[in-house]
Each structure stands twice: as C-alpha cells, then as structure tokens.
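Some notes on the structure that comes next.
Not measured: the values here are computed from a predicted model. Residue numbering restarts at 1 for every chain, and letters A, B, ... go by the order of the sequence lines.
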Amino acid sequence: IKHKIHPRDWTLKNIKRMTQQLKSWGLGYDWEREVTTCLPDYYAWTQWLFLRLYSKGLAYRKEAVVNWCDSCKTVLANEQVVDGKCERCSTEVKQKKLKQWFLKITDYADRLLEDLNLLEEWPQRVKAMQENWIGKSCGVEINFPVKGSGVNLNCFTTRVDTIFGATFIALNWEHPAVKELINEAENKKDIELFIEKVKKQPSSARLLDSFEKEGIFTGKFALNPLNGEKIPIWIANYVLSGYGTGAIMCVPAHDGRDLEFALKYGLAVKKVIKAQDSDFETESEDEVSSGSAYEGQGILINSGDFNGLASEEAKARIADYIEKNKIGRRLTQYKLRDWLVSRQRYWGAPIPIVYCESCGEVALRDEDLPVLLPEVKEFLPTGKSPLTYIKDFMEVKCPKCGAQARRETDTMDTFVDSSWYYLRYISPKEQNKPFVSSDVNNWLPVDQYVGGVEHAILHLMYSRFINKFLQDEGLVNFPEPFKKLFTQGMIVKDGFKMSKSKGNVVAPDYIIDKYGADTMRLYILFMGPPQKDAEWQDEGLQGIWRFMQRALRLVDILEDCDSGKSGNEPSVLEIGLLKKIHLTIKEVTRDLEGGFQFNTAISRIMELVNQVYRGMNEGVLRREILEETVDVIFLLLAPFTPHISEEVNARLGHKGSILLRDWPRVDQKYLLEKELEIAVSVNGKVKDRMVISVDWTKDLIEDKALSLGKIKKALSASKPKKIIYIDKKLLNIVV
RNA sequence: GCGCGGGUGGCGGAAUUGGCAGACGCGCUAGGCUCAGAACCUAGUGGUAGCAAUACUAUGCGGGUUCAACUCCCGCCUCGCGCACCA
C-alpha cells in the first residue's frame, strides 16, 4: 500500500524472490510443506478458527476505546503500540471509540501465566516479558462512600495493609463519577479547564521523566471505610483510566507517586507501616520531608485493631474484614487486555460474520467458507475497509433467515494467521480440515523454535493462546506449542541493525555471487554466539574465504601426492595428527549437540586444518593419513558448507551424497593419553609444566615437580606446606 | 522504578562451569616468494621493564571466600534490551 502496488502482487512477488534466495543459500527446507497465509486455501481455516472462537464466546464485538493510527487509518492491538506510537509507521497513536472485534485472551490469562513454568527450555527473558505483560496482581477492591451523596468510589489496591494510611482519593478525569462530584463545586469552571488540559496531554507524555503530576480538588470528601476518616477527593493526571477502576486510594507515606503529589498540594501524610527493625519516632519525619516513601513491608501502626501485625498477615486479615463487612472484595487484576483483531486494512482475511436486519450479528457456517477477499482497484486506506465499496462482496444472504444481509468489512490482524501456521505444516494439503489431529499430536509440539526476540510477546503469546484454545476443543493434546525456544540476535553493521532505511544492508545475492553460499553460511555462523547481536565485517568474510581456500588446497595436495607405502606404523607426527582429528570430532560434535555453538565448532575445524599444514612443514605425512584427515575435515564442515563438501566428497571417490554418510566417529584409542603435560604452580602461579605418565602416583608426580629447576628456584628456601594435585591438570605447591 | 542480559587485547570473540586467561578469526609487525605488486608461505603479536632468560602486571571498580577466581559471595560503576505513574 505504501508503494501503491496491489498487496497481492507485492506479496507473491516477494515470496517468489525470497524462496529463490533461501534456495540459493542451500537451506534444507521441505518445500512440499510450504504454506501461504494470504491465499484462500490457508485463510479459509483462519476464518474457520475465528468461527470456533465465536461459537465459544471467545470472539466478540464491543465498543471500546481503541488505538487508532491516523496514517495507517486502522486500529492497532495494544501489543502493536510502541512508546505510544504505531509500530509500523511511528505515528502518534490516538484513542478512539469504535465497535471492534476482540478475542478473549484474558480468559486464558492465568493459564498463560501458569504454563510458563512448563517452558523450561525457553529463555528467562522471554518468559519474564510475558509475565510482565500479563501483569497479574492480587488485592482488594474497596468502597469509599462519598460524604453527602449516594456515590461510592471503588478503589483497587494491592497494598491492603496500608488502607489506614489513605489520606486522599485520586480519580482519572474519565471516571464516571466525576460529573456528579463536581456539579455543585464552587470552582467548577477551573475543574473543567483542568480536565480539558489533561485531555490534551498525549498518552506518550507519561513516559517522560519530566511528566509532572497535576491535580485539582473536587470539593468533595470520601470516608475511609476502615477508620471513618474524612479524606479529600481529587482529580489527577497520573491516574490511569484503563487499569483498575480509574480511582485510586492514595497512601503518600508508602507510595512515592502519591507522596510526590501530596507534597506538591500540601495533603496529609500518615505513616501506617514501620520497617521491621526501625524506631518509628526517630525515622518517620525525615523520610517524608526528603520526599521518599517507605514502600517495603513491615509492621502496622496507626491501624486500629490491626496494629502490630506484619504486612503479609495484615493483608489477609484486613481483606477478611472487608469481605465480612461487605465494603469490598478480594480481586485479581491483569494488565493483559483482550486481543483486538479488527483491522480496517484491505490486505487480510475477512471476518466471517454478516449483519442481518432481523437476526442481527450472524456467524457464517463452515460450508460458507472461505469468505474470499475480493479484487479491488482502490486499496489505499480511507478509514473504512475498502471492502465497504464493493457491492458484490457486501451483499449476502443471511445464513439464518435468508434475507438480504451485509458482510462485516473488517479484516483480521495478520497475527491471527500466524498463530496457528505450525499446525498447518503437518497437514499442508489437507482439504477438509485445518489439520489432522492425530498427525499433529504425533509430531508436535515443535521441538525447536528459532526466532527473533521481537516476537517475545506478540506472536509467541497469541500462538500459546490459540494452542490452548485448540486443546480445550480437543483438537490438539499438548498445552504448549513450542517446547524449546531459541532467540537469535541481529546482524548489525556500522552500529545499526541492518535495514534498508539505514542503507547498510549487505545483499546476500552479491556475497553469494562473489564468494559462494558456503562462505557466507560459514561466516555468519562464525561471527559469534547466535543468540547475541553480531557486527558484520567484510574482513571477517575474507578470513573465512581464505580458510576455505586453505582447506580446499589440501585436496589438491592430496591428489598430487604419491600413493606411497601403507601399512607401516604411524610416525610420531602422524599420531599427533590422528589425535587431533579425533579430538576435533569429539569437540565439534559436542558444540553442535550441546547448543548452537557454531562459532567454536568452526574454530576447532580451523585448528585441525592448521595442524595439517604445520605437520606437512615438519615432515612427511603419508597419503592414507592425509586422506583420512581431509575426509574428516569436509565431513565436519558438511552441515556448514554442503556444496563444497559435496564436491570434495566426489573428488575423494565416494559414491553418493556426503549428506547420507555417517557422521565421523571418535576412536577412543587416539584420545587415551599415555603421557600428558600438566602445569606446576607455586601458590597458584604457574611456574613450569612437565610431562607425566598417566600411571604415576601422586608422590611420584610431586617428587618430579619438586626436582624441576624453576620450581626449586621459586621455592628457594621455603618448605612446601601443602601440595594439591588436580588430576591430569595441574599440581599446586603451597608455601 | 521493576525485570532480563552484558562489560575479557587494537577489533569479533574463546576458556571443558573453580584449575595454565586471551583458543579461532580479523588487524598489525618482520621475513620469504616476486622485476614489482596482489595472493600465498613462515614467524611474532595483552601491557610494562629487559638484548635475553625472566620478572612484574592484567578479565569494569572495591572488598571477601579459596591452595587456586573471568568463573562463587557482598557492595558499587557502566552499557544494552524489555516493561513502566499498572496503584
């Protein structure tokens, strides 16, 4: 749309191009299972999913204050608003009241939170981010009656233990009681002016450190239901409307934000918690005057019957009291909101709902699917879905009564498509259902998922939600879709993430033309640990290219080499090389199996190549030994450099593909050392090293060490106090 | 403010989880090859002092535990990311 090209043409063209690119890298995908979420054979099932959710009351339409992007002319999910701006175009997001479709992810909030515990092989970071996003907190909602009126102000608090310290109440300007409260106020005009001012403050301003708390007194008072104290009611700009009730009880002594506000407007500060080990008399006043509130747990004071209790117990007892006297109730709050899936974009799967004069909102039947996205000429955003203007699309018979009805014109957020695609991979060609449950249950959950952290909340939370829903529907039998998660870093160049807008992209096609796909693959994996960001350096690529040439030259050397005598005992030099070969096999295997440690695996293969060259410098290597070495080198390289390894495999006379050959095996006989070198240190500082035989006793090793010239010198006259021997590693002499 | 990660040579990064810090690569220096250059080969390369053997010093800073600390503990500094007046 941005480029004024039809989204379908653009998308299909890019899919084609990227498929070519992925193939040119030599990546081993099963292309038979490719799915395209924007084509009807896929999105029919996305619509089917929507209908299942609808039938369970988990897809619903409501009027709500939603995020609106003026530039994209569409609503956005909370998850797609970053720093108060549209994640796509960075336009300041506005709040608008609209009737929109939501998916009830909040019904699953507790399970999404609880089941994070099942995800043992997910990064802590991602789990922490989801936990944060769900934002569960337990507390009470308590009624503060307004003096001289029938109004009750409900306030949610997690700090039930501090209710006796509430010295004022603050309301968001949108709170439904505001109108009534200020009706007879003397300064009604001023209050209205204040509200107008606060309304205009952009929501992103709250994020700034410079955001100043402001408020105005309504002239009304509320009664603290626990102690009957009369406390003033204010309207304040720091109270959120979307969380809790939009009204808060303020305890300045134990909340920094409330204290800041109280000090500014000269409101009372009342301490009701003292730190476990503190002396109340001496500390209280200083704290408040220095502007810091005691926010920790402690012992209750100034709290009537609850004095002397510890915070934790007090919370429970006060909550009991509140419920018993019917002045409030226990309540759990979440930050997680329902998932807004309506989009006013053309490019998406139409929501399969129609509106009928007599039946109202009606869901389509499965046999009506797919609702095809019609051809349009006009797809630029206008604020209404472009589908609105297409008569053939809009006009439809009501599936219930057959009368003329009109279609829903919103399309679905594309994250709905991607929340279940891993299931479709199991049954990509299935015509009659989205997937075959028995096959899905056999193959899934996904063993290893790889992706960027940018999906930590959006895609990975939505997929978990949908998977749990499908589990409840009996269509899958596992609670979590992705068993292991690996989040890879970004490639950075000149200090910025590679991107077209920064103009620092290194085109893979160009690299492949110049150096070949293998060199590029090897370089990318050698750059550093894949979970971290890595800096692209052309020199590094050159280094890898050099290494590949060096390794390939060994094949030339081998081919020019006489067949030579065989059957002789290997020379010392050859034994050294054989040991290195098997050590390399062992370590490369461990690096690959133990995690994604490609960078170290590659460096070990480099070491092996280096040792071959060093060996040839020092003496003669027989052809059979050299051949074994070259063979192992390219077998170990095969996962990284499949094309070149394949070629070498053929040159060495092997029939068939190298990818079908066995992974090299470690021959333990080369790793069993008869002799080895250990370090000898004095007081932890290495002074010398020596060769020992594995069958030596500790006494023998000590004697030998103490006879070393450098050790004698280091010890000079002092007598060893203690000698510590770490098997096969070092001997430390303490003096 | 809360939550995750990091901090090791000129640079990217290793260190078998408490046991020889700096593997491997880049860069740099010297030498070889060459008419010359590129490429390639050989050697060297944390810092300070020394011709050298060697000595001292060194993993963000300060303490601690230990025969031994990049690694563990306590207290700081700093950078990156995520969330954020969530009551």
If each of A:Ala128 and A:Gly540 is mapped to the nucleotide of RNA chain B with the nearest heavy atom, which maps nearer the 5' terminus, i.e. the 5' end?
A:Ala128
Judged by nearest nucleotide, the residue sitting upstream toward the 5' end of RNA chain B, A:Gln333 or A:Arg550, is A:Arg550
What nucleic acid atoms does [X] come within less than 4.0 Å of, heavy atoms only: base, sugar-phosphate, or nothing?
X	answer
A:Asp258	nothing
A:Gly135	nothing
A:Pro123	nothing
A:Lys685	sugar-phosphate
A:Lys710	sugar-phosphate

With respect to the phosphate group of [N], does any side-chain polar atom (N or O) of [X] fall under 4.0 Å of OP1 or OP2?
X	N	answer
A:Arg546	B:rG27	yes
A:Lys127	B:rG5	no
A:Tyr243	B:rA87	yes
A:Arg553	B:rC41	yes
A:Asn599	B:rC24	no
A:Asn617	B:rA43	no
A:Ser137	B:rA87	yes

Nearest-nucleotide pick for [X], side chain only, options being [options]:
X	options	answer
A:Lys722	B:rG19, B:rC67, B:rA15	B:rC67
A:Phe156	B:rU16, B:rA87, B:rC26	B:rA87
A:Val686	B:rA15, B:rA21, B:rG19	B:rA21
A:Asn610	B:rC81, B:rG25, B:rA87	B:rG25
A:Ser603	B:rC4, B:rC26, B:rA23	B:rA23
A:Ile248	B:rG19, B:rG5, B:rA87	B:rA87
A:Glu539	B:rC26, B:rC24, B:rU16	B:rC26
A:Glu607	B:rC26, B:rA23, B:rG19	B:rA23
A:Met129	B:rA15, B:rG82, B:rU16	B:rG82

Any strand is fair game: report the nucleotide pairing with [N] by Watson-Crick or G-U wobble, both distances under 3.5 Å, or none.
N	answer
B:rA68	none
B:rC76	B:rG60
B:rG37	none
B:rA30	B:rU42
B:rC2	B:rG82
B:rU54	B:rA49
B:rG25	B:rC11

Does the structure place the NZ or CZ of A:Lys213 under 6.0 Å from the centre of the six-membered ring of A:Tyr238, at an angle of no more than 45° from the ring's axis?
yes
Determine the interatomic distance between [atom1] on [N] and the same-named atom on [M]; round to the nearest Å.
N	M	atom1	answer
B:rU57	B:rG62	P	14 Å
B:rC56	B:rG60	P	22 Å
B:rU66	B:rC73	C1'	12 Å
B:rC35	B:rC28	C1'	27 Å
B:rG44	B:rC26	P	16 Å
B:rA43	B:rG50	P	28 Å
B:rU59	B:rG46	P	16 Å
B:rA69	B:rC51	P	33 Å

Using a 90° cut-off around 0 for syn, call B:rU54 syn or anti.
anti
By the rule that syn is within 90° of 0, classify the base conformation of B:rG9 as syn or anti.
syn
Separation of [X] atom [atom1] from [N] atom [atom2], in whole Å?
X	N	atom1	atom2	result
A:Gln130	B:rC81	CD	P	21 Å
A:Leu730	B:rG19	CG	C1'	5 Å
A:Ile726	B:rG18	CD1	C1'	9 Å
A:Leu525	B:rC24	CG	C1'	15 Å
A:Ile134	B:rC2	CD1	P	22 Å
A:Leu676	B:rG19	CG	C1'	14 Å
A:Asp533	B:rG12	CG	C1'	13 Å
A:Arg590	B:rU17	CZ	P	8 Å

Output yes when A:Arg604 and A:Asp591 qualify as a salt bridge under the 4.0 Å nitrogen-oxygen rule, no when they do not.
yes
Pairing of A:Arg159 and A:Glu295 as salt bridge, 4.0 angstrom limit
no
If you measure only the distance, is there a donor-acceptor pair under 3.5 Å linking the side chains of A:Tyr449 and A:Ser463?
no
[X] atom [atom1]: more than 12 heavy-atom contacts under 6.0 Å:
X	atom1	value
A:Lys586	NZ	no
A:Lys698	NZ	yes
A:Lys197	NZ	no
A:Glu114	CD	no

May I ask you to verify whether the side chain of A:Asn132 and the base of B:rC83 hold a donor-acceptor pair under 3.5 Å?
no
Interatomic distance, CG@A:Leu608 vs OG@A:Ser603, rounded to 0.5 Å, equals 11.5 Å
Is the gap between the ring centers of A:Phe547 and A:Phe526 under 6.0 Å?
no
